[in-house]
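Right, one structure below, let's go through it.
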Amino acid sequence: MERNEAATSEQADAEDAVGRTREPAFNLPSGLTAILFFLIAIHALRTYVLSAEVDQELILNFAFLPARYTIPFSEQGLAWLWTPVTYSFLHGSWEHLIFNIFWMVAFGAPVVRRIGVARLALFWCLSAAAAVGLHVLFHWGEMIVVVGASGVVSGFMGAAARFVFSPSGRISRQFAHLNRRLSFSETLANRSVLVFTAVWFLTNFLVAFGVFSLGGAGSIAWEAHIGGFLFGFFLFGLFDPRR
């Protein structure tokens, strides 16, 4: 039995190696491609079309503000209701957007291939909300503007950690979504997952101390990154159609 499992693993790795040589350089799920174009269109509109005054109004109504939740809901509009999601469609700069797109292509593609567009919409909304949910615990009542899809990208990373790594530790971009989802115990026993997760958390903790942030720790919502990652890592099974 052990020999058969080893042979199956070796065969899968060989197929992955063949797949890597044949997969195109740019091959994204249509749902993810549509989101990327949507994010680019929004930022282009804000940058080149809207006036500064209109853009400020847009930020006020669609960015996430922790201070919003210290005001009685009866004394404000409904922005508190949708901003835990809509902030993820806004970005502070082209560099910010391109950075998120890069990691979304790397880790979002296998997740989207696995769960489909309908589950993607729900995953996006809930991971965005979970990300700022943790952020607001550290910044309760503060007038801090939070924008960007980084929390969702972190959710993709946490979810991908549950299935993209083969037993050998290699990743096939084209076929990773077909892997079996690891249990929590298997995930914690996988060396590649442990190294990836350790490096990810170390990087974010360094960001918290301003090491990797040109604008200092306050310029990056690292708490939201962690909130998104934990959501994807622990709750991905609720979205995964491959049992």
For [X] and [Y], work out which heavy atoms get closest and say how close.
X	Y	result
Leu65	Ile144	CD2-O, 3.3 Å
Ala131	Gly151	CB-CA, 3.7 Å
Ala63	Val147	CB-CG1, 3.7 Å
Val111	Ala159	CG2-CB, 4.1 Å
Arg162	Leu182	NH2-O, 2.7 Å
Ile220	His225	CG2-CE1, 3.5 Å

Contact check, side chains of [X] and [Y], non-hydrogen atoms, under 4.5 Å:
X	Y	value
Asp55	Thr47	no
Thr83	Val146	no
His43	His96	no
Phe102	Ile98	no
Leu235	Leu126	no
Thr203	Trp222	no
Leu39	Leu97	yes
Arg181	Thr187	no

Spatial distance of atom [atom1] ([X]) from atom [atom2] ([Y]) [nearest 0.5 Å]:
X	Y	atom1	atom2	value
Ser51	Arg46	OG	CZ	12.0 Å
Ser154	Trp103	OG	CH2	10.5 Å
Thr197	Leu202	OG1	CG	12.0 Å
His177	Asp240	NE2	CG	11.5 Å
Ile40	Ile35	CD1	CD1	12.0 Å
Ser127	Leu230	OG	CG	12.0 Å

Does the [X] side chain pair with the main chain of [Y], one donor and one acceptor, at a distance under 3.5 Å?
X	Y	answer
Arg114	Asn179	yes
Glu223	Phe138	no
Glu142	Pro66	no
Tyr87	Ile59	no

When you group the ILVMFWY residues by side-chain heavy-atom contacts below 4.5 Å and let the links chain together, are [Y] and [X] in the same group?
X	Y	result
Ile71	Val136	no
Val105	Phe37	no
Val164	Val199	no
Leu188	Val195	no
Leu137	Phe64	yes

* Asked: Passes ring pair (Phe, Tyr, Trp, His ring centres under 6.0 Å), Phe89 versus Phe38? Steps please.
  -> CA-CA 8 Å; Phe89 301 121; Phe38 181 63; 5.5 Å; yes

* Pick one: which of Pro29, Pro241, Pro110 meets side chain to side chain contact (heavy atoms under 4.5 Å, CB included) with Ile115? -> Pro241

* Can Phe231 and Ile226 be said to form a side chain to side chain contact (heavy atoms under 4.5 Å, CB included), step by step? -> CA-CA 8 Å; Phe231 174 88; Ile226 293 177; over 6 Å; no

With [X] via ring pair (Phe, Tyr, Trp, His ring centres under 6.0 Å) - residues at least two apart:
X	result
Trp80	Phe73
Phe229	Trp200, Phe201
Phe236	Phe163

* Kindly assign one of parallel, tilted or perpendicular to the pair Phe156 and Phe123, based on the angle between their ring planes and the thresholds 30° and 60°. =>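 Parallel, since the angle between the ring planes stays under 30°.
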
* OH/Tyr69: more than 12 non-hydrogen atoms of other groups inside 6.0 Å ->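 Counting neighbours around OH of Tyr69, more than 12 heavy atoms of other residues, nucleotides or ligands fall under 6.0 Å, so yes.
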
* To do: Verify the distance criterion only: is there a donor paired with an acceptor across the side chains of Ser88 and Trp124 at less than 3.5 Å?
  =>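 Short answer, yes.
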
* Asked: Are side-chain N/O atoms of Asn190 and Glu186 paired as donor and acceptor at under 3.5 Å?
  ->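 There is no such pair (donor and acceptor under 3.5 Å, judged by atom type) between the side chains of Asn190 and Glu186.
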
* **Centroid separation Phe165 to Phe196 less than 6.0 Å** =>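 That pair passes the under 6.0 Å test.
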
